[in-house]
Every structure is written in structure tokens, then in C-alpha cells.
Amino acid sequence: MTDTPINLDSLRQRIDELDSEILRLISDRAECAKQVAEVKTASDSGAVFYRPEREAQVLRRIMELNPGPLNSEEMARLFREIMSACLALEQPTKVAYLGPEGTFTQQAALKHFGASAVSMPMAAIDEVFREVEAGAVNYGVVPVENSTEGVVSHTLDSFMDSSIHICGEVVLRIHHHLLVADTTLRDKISRIYSHPQSLAQCRKWLDAHYPRAERVPVSSNAEAARMIKSEWHSAAIAGDMAAKLYGLEKIAEKIEDRPDNSTRFLIIGSQRVPMSGEDKTSIVVAMRNQPGALHDLLEPFHRHQIDLTRLETRPSRTGVWNYVFFIDFKGHVDEPRVAAVLEEVRLRASELKVLGSYPVGVL
Ligand SMILES: C=C(O[C@@H]1C=C(C(=O)O)C=C[C@H]1O)C(=O)O
């Protein structure tokens with residue numbers, strides 16, 4: 001130990017002084033947020049309190065200004081919570097997510113809205129859409145693509161029949177663990193429960209370590225975690241939230257086959273989000289079934305040098321049009337070059353729907 005007791009005391013005194021200052025500053029900030037709410041309410045009776053573009057700008061600015069020693073992500077996470085608490089003073093934000101409790105989607109909701117939001121588990125993706133459409137909640141969180149397993153087709157399909165907008169995105173690193181209860185006989189594990197996507201993401205690890213165990217797909221990782229509490233020969237694959245929620249022990253950590261395994265989630269709502277300075281747009285396009293349709297669709301993006309970040313094909317359910325494309329690209333519909341591309345695409349497509357322009361995920 002290099003610190004003498006005197007040094008330790010004076011350092012702690014300094015920390016107390018700093019904490020008092022931080023406390024005062026956070027309180028001043030919260031007062032400001034309350035006043036923002038008054039301004040919003042005065043200028044618009046249907047005021048929207050949560051402003052994704054502004055929150056993205058606040059977080060990006062903090063990350064840019066961060067002098068260290070805390071890393072920028074850590075610092076942004078702290079500010080994420082401060083903003084979450086400030087927004088709750090304006091209006092408590094209600095968020096529906098694909099449940100049950102303990103899923104990665106809940107973790108994504110928490111990461112995006114912070115701990116002061118009120119989050120509500122839904123049993124299925126289309127229920128999340130319905131709750132948002134009915135106005136029962138302010139926003140919804142649904143998974144859309146996984147880096148190992150690809151697209152979550154339920155989510156894309158739900159957009160086809162909905163007037164919902166995409167208001168944001170959040171990307172989560174997904175770590176899977178093999179979990180057991182205190183009653184599990186660890187050397188007798190003959191059955192492993194998890195969501196089919198998670199079983200697929202851990203396929204090689206399971207082949208190597210539990211080649212003979214039966215792999216049982218269930219509706220969610222959290223459900224898997226819940227089920228093994230009553231079965232002495234079963235284990236579950238799930239994440240940290242489910243492990244904590246059901247008091248399970250990790251007997252193997254981070255068993256996903258790819259270390260960069262991540263899932264992208266969408267924030268859905270009924271508002272159009274203004275430009276944040278670094279945005280993405282998602283559209284769905286139906287093309288006539290004719291040769292060169294995909295080329296015709298993509299050519300204007302190439303000519304206007306717009307970056308495509310994702311292209312997904314889904315079978316059209318109307319039967320008349322054979323191709324439906326989901327396209328994500330960099331840029332916002334309010335930018336003239338994006339508006340120009342969309343105008344051209346509209347002429348070539350049989351249908352074009354803009355699902356939303358929203359800030360590129362910050363955290
Ligand atoms: C304070 C505002 O309202 C909310 C709270 C924010 C904050 O705490 O910084 C930012 C955006 C909004 O979600 C605002 O719109 O500026």
C-alpha cells in the first residue's frame with residue numbers, strides 16, 4: 001500500500017466534495033428537463049416527450065468529449081441512465097418488449113431506454129406491434145437480425161401489415177451460458193432447453209461437450225431457464241438476465257460459437273424521428289416479377305452513392321408480387337439525396353413503404 005491513512009482520508013474528502021457537485025449538477029439538469037416538458041406541453045397538446053434524435057446527439061457528444069480514464073461506452077451508459085431518469089420526470093415511458101422477463105429483448109430495452117422506463121413483457125412479436133398501434137405503450141422493442149442466424153422473419157412480416165414506424169435501433173452482444181439449478185445432477189444432463197436461435201448459435205459447442213444430450217427448442221431462453229428448475233437432469237442455455245432472474249448457476253460461460261455474436265433490435269413507435277446527424281432508413285419495396293428487378297431497384301442507390309447496410313428478401317403474401325425487399329441504408333428521408341433516390345425507386349416499384357428514419361445505434 002502506497003496510500004498513507006492521511007492520503008486516503010483526503011482523497012475520500014475530495015470524492016465527497018465531487019459527489020456533492022455531481023449531485024447539484026444532476027439536479028440542475030433534471031430541473032431543465034422538467035422545464036423542457038413544460039415547453040413541449042405548451043407548444044403542442046399531443047407533445048412527444050421522448051426524442052430519440054436528441055438523445056443520440058447527447059450520447060455522441062458525451063463520447064466525443066470524454067477525457068477518460070473511463071471509456072466512452074461506460075461514460076455514455078452513465079449518461080444514458082441520467083437521461084432516462086430525466087425523461088421519467090417529463091413522462092414515464094412505457095415500453096413493450098418480446099418477453100418473458102429475462103430475455104435478451106428485455107436487456108435491449110433496458111440498454112436503449114435506461115432503468116427508469118417501465119417495461120412490459122409480451123408473449124409474441126405481433127403483440128408488441130399491437131400494443132404500440134393501440135397506444136397502450138409508447139414504444140416497443142423487437143429483435144430483427146442476428147449476426148449468426150440471420151433475420152427474425154416474424155418481425156419483418158409484422159411490418160408488412162402495420163403503420164408502425166421504426167424510431168431507433170440497438171445492437172446487443174449476445175453471450176450464452178449453460179445454466180443449471182441447485183437441484184440439477186450436473187453429470188447426468190440429458191436434455192438442454194433453449195430458444196431455437198440460441199441452440200443454433202451454440203451448435204458446435206454442444207456437439208463438442210454434450211453430443212448425446214437432447215436439444216429441446218422452447219419459446220424463449222427465459223422459458224428454458226424457468227423449466228429446468230423442476231427437472232434434475234436438464235440444463236438451459238440463456239443469458240445473464242435469465243440466470244439472475246431464476247437464480248441459476250453458470251456451469252459454462254460464453255458458449256456461443258462466434259465471439260462476435262450479436263443481435264440487432266428495433267425500437268418501434270408511432271412518431272417520425274427528425275435527423276440526428278447520423279441516421280439510417282428502413283424501407284420495404286415490392287417489385288414486379290420480371291428479369292432485372294433487383295438490379296433496377298438497387299441501381300439508384302449505387303448512382304447516388306448511398307450505403308446499403310442490409311438487404312433482405314421475403315416472399316410476398318399477396319401472391320401478385322413475387323419479391324418483397326427489406327432495405328436498410330445510411331441516411332435520413334429528410335436529406336435531399338435520399339428523397340431523390342426514394343422518388344426514383346417509387347417509380348420502379350409496385351409498392352414502397354418507408355418504415356422509418358432513425359439514429360444509428362449509439363450504445
Ligand atoms: C430534455 C428533453 O427530453 C428528453 C430527455 C432528454 C435529456 O435528458 O437530455 C433528451 C431527449 C428527450 O428524450 C429534450 O427533448 O431535450
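Just so you know, ligand 1 is whichever comes first in the structure, and atom 1 is the first atom listed for that ligand.
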> Step through it carefully: locate the ring centre of Phe104, locate the ring centre of His176, and say whether they are under 6.0 Å apart.
yes
> Would you please say whether a donor-acceptor pair under 3.5 Å links the side chains of Tyr358 and Ser282?
yes
> Are Phe113 and Tyr50 close enough that their ring centers fall under 6.0 Å?
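Yes: the rings meet the under 6.0 Å criterion.
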> Under 6.0 Å between the ring centres of Phe265 and Tyr97?
no
> Closer than 4.0 angstrom, basic N to acidic O: yes or no for Asp260 and Arg173?
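Answer for the salt bridge query: no.
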> How would you list, by chain and number, the residues with a heavy atom under 4.0 angstrom from ligand 1?
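Around ligand 1, where the cutoff is 4.0 Å for heavy atoms, the contacting residues are Arg29, Val36, Lys40, Phe49, Tyr50, Arg51, Arg54, Glu55, Met83, Cys86, Leu87, Glu90.
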> Got a sec, which pairs hit ring-ring contact (aromatic ring centres under 6.0 Å, His included) with one end in residues 338-357, sequence neighbours left out?
none
